Peer 1: 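One structure follows; several queries about it will come next.
All of these numbers come straight from a predicted model, not from anything done at the bench. We name chains A, B, ... by the order of the sequence lines, and we start the count at 1 in each one.
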There are 2 protein chains.
Amino acid sequence: MNTSTQACARALLEVAPAIVQAMRVQMRAQRLHELSVPQFRTLAFIGRHPGCSLSDAAEFIGMTLPSMSILINGLVEEGFVLRQTSLLDRRRVTLNLTEAGAGVYAHALEGTLAWLSRQLEPLAEADKQIVLRAMEILRPYFVTNVDAAAVAEVSHA
Amino acid sequence: MNTSTQACARALLEVAPAIVQAMRVQMRAQRLHELSVPQFRTLAFIGRHPGCSLSDAAEFIGMTLPSMSILINGLVEEGFVLRQTSLLDRRRVTLNLTEAGAGVYAHALEGTLAWLSRQLEPLAEADKQIVLRAMEILRPYFVTNVDAAAVAEVSHA
DNA sequence: TTACAATAGTTAAAATTTCTAATGATTAGA
DNA sequence: TCTAATCATTAGAAATTTTAACTATTGTAA
C-alpha cells in the first residue's frame with residue numbers, strides 16, 4: 001500500500017462523512033419531508049433503481065427483509081411507492097416511485113442542493129474545479145448505476 | 001448562483017453519500033464492533049469532541065435528550081464512555097471516551113481505512129492527488145473542530 | 001437575598017421500529 | 001415430478017426512540 005493511497009483514503013474517511021452529516025443536519029432543519037431517515041434513504045434507492053426488488057432495497061439499506069417489507073408498507077400507504085408483483089417471477093416484487101414519491105425526493109434533493117451551493121460559494125473558482133474533478137474521479141468507484149432495463153419490465157398490481 | 005458552484009454541489013451531493021454508504025456496508029460486513037450505528041456515531045462524536053455534554057451529542061446525532069441519555073447508558077455499561085458531572089456547572093454532564101472506547105473507535109476506523117485504501121489503489125497517482133487536494137479544500141467547511149479546551153476541564157464522577 | 005424562570009439531565013410509560021421465527025407462494029434443478 | 005431454493009409476508013418479541021413529567025442546578029431581577 002503506497003503512501004499517497006493511504007493519505008487519500010484517510011482524507012476521504014475524515015471529510016466525506018462530515019459532509020454527509022452536515023447534509024443530514026440541514027435536511028432535518030428544513031423538515032423537507034415527513035419521512036424517517038430509513039424511509040428517505042429507501043425512497044432515494046428506489047429512485048435510482050426503478051423496478052428493484054424488496055431484497056435489493058433491504059440489502060442496500062442494511063435491513064432485514066421483514067423490516068423492509070413493513071417500511072415499504074408505510075411508503076405505499078403514503079402514496080410514495082408502487083409495489084407490484086413481477087410478471088417474470090411472481091415471487092418477486094418490483095418497486096417504483098409514484099409521481100408524488102419522485103416529487104418528494106426531488107424536492108428534498110433540491111433543497112439540499114441549494115444549501116450545499118451556498119456552502120461552496122466562497123470557494124475559489126479553481127478549487128471548485130478541483131472538487132468537481134475529484135467527484136468525477138470517485139463516481140465510478142462508488143455510485144451504483146441505475147438499472148434502466150428494470151424500468152421497462154412489464155408488471156401488474 | 002454561478003454554474004460551477006452548482007455543478008460542484010451537484011457532484012458532491014451525488015458522490016459523497018454514495019461513498020459513505022459504501023463505508024457503512026463495509027463496516028456492517030466486517031462486524032467491527034458490537035455497536036449499533038447511532039452508538040458508533042456517538043462514540044465518534046465524543047472522540048472528536050472530548051468533554052462534550054449530553055445535549056451536544058443529542059443535537060449532533062439528531063436524537064432527543066432522553067434517547068441520548070439511554071444510549072449513553074449503554075456505552076457507559078459497556079465501558080466505552082465516561083460520564084462525569086461537570087464541576088463548572090453541576091447540571092451538565094461531560095462525556096469522554098475510555099481507553100477501551102477509543103480503542104474500539106480506532107479499530108473500526110483502521111478497518112475502514114484499509115478497505116478504502118484498497119478501493120482507491122487502482123487510481124492513477126495524479127488522480128489521487130486531486131482527490132486528496134479536494135478533501136483538503138472541503139475539510140474546513142465541513143469538519144467540526146475538536147474542542148481541546150473541554151478536555152482539560154476538571155470534573156469528577 | 002429571595003423568588004421565579006431557564007437550563008441540563010433523568011425516569012417512566014407509550015409508540016415506533018426492527019428483528020427472529022414461522023409460513024405461503026413460486027421457481028429452479030435433479 | 002419431487003425436492004430444494006428463493007422471495008416475500010405475517011406474527012410475536014425485543015430493542016430503540018419519543019413524549020411527558022420530574023429533579024437538580026444556575027441565572028436573573030425585584
Peer 1: When you check the side-chain N and O atoms of A:S4 and B:E125, is any donor under 3.5 Å from an acceptor?
Peer 2: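 There is such a pair (donor and acceptor under 3.5 Å, judged by atom type) between the side chains of A:S4 and B:E125.
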Peer 1: Please examine the side chains of B:D56 and B:R92, heavy atoms only from C-beta on, and report whether any two atoms are closer than 4.5 Å.
Peer 2: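 Yes, side chains in contact.
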Peer 1: Looking just at side-chain N and O atoms, do B:T5 and B:N2 make a donor-acceptor pair shorter than 3.5 Å?
Peer 2: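 Their side chains do contain a donor-acceptor pair, which is all the 3.5 Å distance test asks for.
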Peer 1: Rounding to an integer number of Å, can you tell me how far B:L71 CG sits from C:dT10 P?
Peer 2: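 After rounding, the reported distance stands at 12 Å.
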Peer 1: Quick check: does any side chain N or O of A:Q39 sit under 3.5 Å from a backbone N or O of A:S36, one acting as donor and the other as acceptor?
Peer 2: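 Yes: the side chain of A:Q39 pairs with the backbone of A:S36.
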Peer 1: Which residues in residues 54-64 of chain A have at least one heavy atom lying under 4.0 Å from any atom of DNA chain D?
Peer 2: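 Output list: A:L54, A:S55.
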Peer 1: Who are the side-chain contact (heavy atoms from CB on, under 4.5 Å) partners of A:E14, not counting sequence neighbours?
Peer 2: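 A:E14: side-chain contact (heavy atoms from CB on, under 4.5 Å) contacts with B:R139, B:V143.
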Peer 1: List the residues meeting side-chain contact (heavy atoms from CB on, under 4.5 Å) with B:V76, not counting sequence neighbours, and say none if there are none.
Peer 2: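 In terms of side-chain contact (heavy atoms from CB on, under 4.5 Å), with neighbours along the sequence ignored, B:V76 is linked to B:I72, B:V81, B:R83.
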Peer 1: How close or far is atom P of C:dT16 from atom CD1 of A:I70, stated in whole angstroms?
Peer 2: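 Distance, rounded to whole Å: 13 Å.
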Peer 1: Return the value, rounded to whole Å, for the distance between atom CD1 of B:I72 and atom P of C:dT11.
Peer 2: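 Going from CD1 in B:I72 over to P in C:dT11 covers 14 Å.
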Peer 1: Are any side-chain N or O atoms of B:T112 and backbone N or O atoms of B:A108, one a donor and one an acceptor, separated by less than 3.5 Å?
Peer 2: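 Judged by distance alone, yes, a pair lies under 3.5 Å.
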Peer 1: Please check if any side-chain donor atom of A:R10 sits under 3.5 Å from a side-chain acceptor atom of A:Q6, or the reverse.
Peer 2: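 Side chains of A:R10 and A:Q6: pair found under 3.5 Å.
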Peer 1: Does the plane of the ring in B:F60 sit parallel, tilted or perpendicular to the ring in B:H49? Use 30° and 60° as the thresholds.
Peer 2: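 Aromatic pair B:F60/B:H49 classed tilted.
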Peer 1: Consider side chain to side chain contact (heavy atoms under 4.5 Å, CB included). Of B:L75, B:L43, B:L109, which one does B:V104 pass it with?
Peer 2: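 Running side chain to side chain contact (heavy atoms under 4.5 Å, CB included) over B:L75, B:L43, B:L109 with B:V104 returns exactly one hit, B:L43.
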Peer 1: Does any N or O in the side chain of A:T85 come within less than 3.5 Å of the main-chain N or O of A:V93, such that one atom is a donor and the other an acceptor?
Peer 2: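 Between the backbone of A:V93 and the side chain of A:T85 there is no qualifying donor-acceptor contact (under 3.5 Å).
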Peer 1: Reading nucleotides 22-30 of chain C 5' to 3', which nucleotides get B (base under 4.0 Å from a protein heavy atom), which S (sugar-phosphate only), which -?
Peer 2: ----BB---
Peer 1: Is the side chain of B:T98 donor-acceptor paired with the backbone N or O of B:L82 at a distance under 3.5 Å, no angle test?
Peer 2: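 Side chain of B:T98 to backbone of B:L82: no pair is present.
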Peer 1: Reading DNA chain D from 5' to 3', where do the contacts with chain A start and stop? Cut-off is 4.0 Å to heavy atoms.
Peer 2: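 For DNA chain D, the relevant span reads D:dA5 to D:dT10.
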Peer 1: How bent is the helix from C:dT1-D:dA30 to C:dA30-D:dT1, comparing axes over its five end pairs at each side, to the nearest 10°?
Peer 2: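 That helix has its two terminal axes inclined by roughly 20°.
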Peer 1: Reading DNA chain C from 5' onward, which residue's closest nucleotide shows up sooner: A:P38 or B:R92?
Peer 2: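 This one resolves to B:R92.
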Peer 1: Answer yes or no: is there a donor N or O on one side and an acceptor on the other, between the side chain of B:E59 and the main chain of B:T64, under 3.5 Å?
Peer 2: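 Pair absent, no side-chain N/O of B:E59 close to backbone of B:T64.
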